[in-house]
Amino acid sequence: MISDSPVQTLTDMIHELNPAQREAVYHNDGPILVIAGAGSGKTKTLVCRVARLISEGVSPESILLLTFTRKSSHEMLRRAADLLDERCRRVSGGTFHGFANIILHKYAHYLGYSHQFTILDRSDSEDLVGMIRKELGFHKTEKKFPQKGTLGSIIGKGVNTSRRIEDVIAKDYSQFMEFGREIAQIATAYQDQKRRMQVMDYDDLLVQLLTLLKSAPDICDELQEKYRYIMVDEYQDTNRVQAEILRYLTGEPANIMAVGDDAQSIYSFRGANFKNIMMFPELFPGTELVKLEQNYRSSQPILDLTNALISRAKEKYAKNLFTDRGDGSMPIYVETRSEFEQSRFVAQKIEEYRKAGVPLSEMAVLIRSGWHSNDLEVQLQSASIPFVKFGGFKFMESSHIKDVIAYLKIAHNPLDSVSWNRCLLSLDGLGPKAAGDLIADLLSSKAKDPQAVLAKLGKRMFYAELAALFQLVFGSSELTVSELMERVLVYYRPIFTTRYDDFPKRTQDLESLIEIAGRYDSLSEFLAEITLDPPDSTLSLESSPVMIDSDYLTVSTIHSAKGLEWKVVFLISAVDGYLPSAQSLGDLGQLEEERRLMYVALTRAKDELFIIKPKIDMQGQNYHRFGGLPMSEPSRFLTEGQLLDKFSEKMALEPKNDRPKPSFMASYDSASDDDPIRSKYRF
DNA sequence: TCTGACAGACTTTTT
DNA sequence: GTCTGTCAGA
């Protein structure tokens with residue numbers, strides 16, 4: 001996916017840099033902010049700087065490279081190692097959360113945590129919020145009380161933006177104004193409960209790290225001493241807490257390089273604030289500012305469209321991307337009358353490109369939401385086009401996986417009441433009441449004396465099974481991850497096969513989980529990794545080397561496509577209501593974020609860009625009805641300012657009978673002119 | 001107190 | 001197609 005030139009040395013690479021890139025690569029001490037437009041060689045710049053520092057004798061461990069995903073961190077270090085040598089792989093880093101997790105495990109006792117603490121993923125933390133909501137009796141209020149998921153986002157938003165719950169509600173959730181006090185009460189109980197359980201959620205990892213740095217100057221000094229050079233990628237997607245962490249991690253002068261593009265900030269729903277990047281110079285006085293504006297990725301016509309698109313954004317650093325690539329082809333806009341027709345069109349185009357010599361790995365289909373590709377996936381299968389889907393993927397969310405993980409979690413941290421709840425409820429005759437009592441007992445005794453808890457129960461119908469569960473949980477501390485996993489599955493199998501009538505299908509997932517678990521020596525590490533870096537694609541689970549080696553198409557959410565590029569990109573379902581998504585329409589900030597999302601999507605394309613808008617037909621699908629009308633308008637970001645008219649070429653499809661055809665390849669190949677791939681179709 | 005059946009609400013993106 | 005809450009019956 002990322003094109004690599006043949007083996008190149010650091011010297012070659014540095015030779016190729018443009019002046020702005022070179023300035024960044026040769027920057028030594030003091031803060032520097034690199035505003036890097038899409039495709040401007042941002043990664044290359046970072047990689048080069050890492051390699052250059054190391055080649056000049058800086059120790060790899062003293063460089064801290066914080067990235068947005070673990071994937072991109074690996075990728076960068078691999079490229080640096082290719083340029084220089086294996087030392088580059090010893091660079092410290094990973095994601096903010098991963099880094100925080102390592103530091104916190106080491107210093108947990110400073111914060112009153114045990115170093116055994118476990119991490120709640122989003123659904124765990126929502127479950128905990130849900131338990132508290134019920135406990136406090138807010139589940140049967142007269143008017144409807146926000147659901148656990150909503151409560152979770154309200155609480156999270158408060159934490160990530162350092163605001164009070166009441167303020168978050170007033171600004172972003174005004175429909176719940178009347179519950180302000182109750183929600184704040186839940187938030188407080190949630191914080192207390194997590195501490196009692198010795199668990200942290202994603203936000204805690206950052207907040208607690210900040211707390212640690214603030215309250216323990218000795219640790220702060222030690223870390224400053226250790227990490228002499230800090231580099232942060234995708235800075236536009238950091239939040240205030242992360243910015244403060246960086247402030248504490250850096251000494252004087254602050255040797256920090258932040259790289260980002262305000263136009264590509266697409267994670268505000270997670271508390272990220274693109275203004276962060278604009279405030280960087282205030283946070284780090286004396287910041288040198290470098291702008292990378294030369295685009296090496298896309299052809300001029302694609303760039304014309306994306307520049308026009310982003311120039312309509314309300315707030316941004318002024319930036320004008322240019323390229324010296326010669327002319328290319330215009331982006332192509334296609335309207336289809338149905339989703340089916342859209343899928344068929346995409347599949348056929350992909351086949352055409354493939355025949356013309358473009359490997360599948362150079363093509364991608366981008367979507368706004370995970371399920372937008374459902375129809376397409378079916379067609380790709382039937383057309384035998386191998387693909388891997390990134391994002392929108394719910395391996396860890398599926399209930400059988402969560403079950404197994406819950407057993408492992410309580411074995412590791414017996415105070416984790418969310419996981420206990422899950423495990424206990426699967427026993428026959430044991431309902432919410434008994435589970436609640438048991439958990440209360442376990443927590444109050446700090447799980448020190450499980451036998452007493454068990455004895456207190458007396459003989460109930462589930463006694464024997466519960467005893468077996470206790471044996472599993474409390475008697476396994478000496479086992480390896482694989483052995484524990486094996487025992488868990490022996491215990492779980494009867495539950496599994498009775499609960500799910502489709503268990504044969506689900507068994508595959510368990511196999512994958514076993515395989516993944518086998519890679520870890522420590523349970524703690526396994527649990528942390530699987531929550532901090534869950535499998536993000538169908539490929540991560542497909543251990544078959546055949547699949548990994550072979551050429552495949554990428555189908556990806558726009559979010560998961562960030563930072564990547566392909567020769568041919570299809571943006572499908574570019575319908576107003578999908579992109580921008582209907583729920584963002586009410587809020588200008590969110591709407592602007594959708595625009596940036598569109599920008600990210602379109603800027604992934606190097607040579608050919610297809611934007612496709614099907615008419616979304618509601619028949620038979622009652623679950624995405626926004627106002628009850630079929631969504632038939634193209635995305636407003638494309639119609640505003642007549643962008644499509646000015647910067648794209650319309651391709652009309654022949655009216656066709658919209659029914660599945662045995663051989664769908666036969667559908668569009670009537671017309672042709674000079675270029676077989678770009679042939680025009682007429683009504 | 002637990003379970004299963006039923007009705008109604010909601011459905012983005014991810015560390 | 002999934003999650004939540006309610007209600008009747010065991």
Side-chain angles (χ1 to χ4, degrees), chain A residues 66-73 94-101 119-123 125-127 130 133-134 138-141 144-150 152-153 156 160 200-206 234 237-239 241-242 265-272 366-372 374 390-399 424-437 460-462 528-537 556-562 573 577-585 590 593-594 596-598 600-601 620-626:
Chain A
L66 294 169
T67 53
F68 196 64
T69 63
R70 204 164 305 204
K71 209 165 50 177
S72 62
S73 138
T95 64
F96 263 96
H97 292 86
F99 173 69
N101 181 51
I119 303 165
L120 296 181
D121 65 16
R122 202 192 66 193
S123 80
S125 76
E126 284 178 2
D127 286 348
R133 173 176 184 260
K134 205 167 162 191
F138 297 145
H139 57 121
K140 40 188 173 188
T141 45
K144 76 174 176 207
F145 198 78
Q147 305 224 43
K148 60 178 185 182
T150 316
S153 2
N160 277 310
M200 294 196 197
D201 62 18
Y202 287 132
D203 299 334
D204 288 330
L205 288 173
L206 302 179
E234 309 282 13
D237 288 320
T238 58
N239 61 31
V241 178
Q242 286 163 312
S265 156
I266 53 177
Y267 280 96
S268 74
F269 66 91
R270 229 174 67 186
L366 302 184
I367 49 184
R368 171 66 179 88
S369 317
W371 52 274
H372 289 168
N374 289 355
F390 291 86
F393 182 62
K394 302 278 157 45
F395 180 69
M396 292 300 291
E397 302 272 288
S398 49
S399 59
L424 292 175
L425 288 177
S426 68
L427 298 179
D428 263 349
L430 202 164
K433 181 68 172 69
D437 293 348
R460 304 271 285 270
M461 70 182 277
F462 47 76
E529 297 252 329
I530 200 127
T531 36
L532 290 177
D533 190 26
D536 64 344
S537 72
S556 173
T557 59
I558 299 171
H559 285 88
S560 302
K562 194 158 75 151
S573 299
Y578 278 5
L579 180 54
S581 82
Q583 49 268 73
S584 66
L585 298 183
Q590 283 188 51
E593 176 143 319
E594 298 282 313
R596 295 192 292 270
L597 208 45
M598 171 71 85
V600 169
Q621 295 175 323
N622 49 14
Y623 51 90
H624 42 70
R625 180 177 32 205
F626 303 111

- Query: Does a nitrogen or oxygen in the side chain of A:Lys433 sit under 4.0 Å from OP1 or OP2 of B:dC2?
  - Reply: no
- Query: Within the structure, does a side-chain N or O atom of A:Thr531 lie under 4.0 Å from either OP1 or OP2 of B:dT15?
  - Reply: no
- Task: Take A:Ser581 and A:Leu425, find for each the nucleotide of DNA chain B with the closest heavy atom, and name the residue whose nucleotide sits nearer the 5' end.
- Result: A:Leu425
- A:Glu593 versus A:Ser268, closest heavy-atom pair with distance: OE1-OG, 2.7 Å
- Task: Ignoring backbone atoms, establish whether A:Arg133 has a side-chain N or O less than 4.0 Å from OP1 or OP2 of C:dG5.
- Result: yes
- Note on the structure: Contacts of A:Ser369 and A:Leu430 projected onto DNA chain B by closest heavy atom; the upstream (5') one is A:Leu430
- Message: Applying a 4.0 Å non-hydrogen cut-off, can you work out what A:Asp428 is touching in the nucleic acid: base, sugar-phosphate, or nothing?
- Response: sugar-phosphate
- Can you find an N or O donor on one side and an acceptor on the other, under 3.5 Å apart, linking the side chain of A:Arg122 with the base of B:dT15? no
- Task: Using a heavy-atom cut-off of under 4.0 Å over every strand shown, decide if A:Gly391 touches base, sugar-phosphate, or nothing.
- Result: sugar-phosphate
- Message: Does the structure show A:Tyr267 stacking with B:dT13, if we require the centres to be closer than 5.5 Å and the planes to be within less than 30 degrees of parallel?
- Response: no
- Task: Determine: side-chain N/O of A:Thr557 to OP1/OP2 of B:dT14, distance under 4.0 Å, yes or no.
- Result: yes
Between the protein and nucleotides 8-10 of chain C, list every N/O to N/O distance that falls short of 3.5 Å.
none

- Query: Within the structure shown, what part of the strands sits under 4.0 Å from A:Glu593 by heavy-atom distance: base, sugar-phosphate, or nothing?
  - Reply: nothing
- Task: May I ask you to say what A:Phe96 touches in the nucleic acid, namely base, sugar-phosphate or nothing, with a heavy-atom cut-off under 4.0 Å?
- Result: nothing
- Item | Sugar-phosphate only, base, or nothing, as touched by A:Gly370 at under 4.0 Å among non-hydrogen atoms | sugar-phosphate
Measure all distances between protein nitrogen or oxygen atoms and nitrogen or oxygen atoms of nucleotides 6-8 of chain B, and list the pairs falling under 3.5 Å.
none

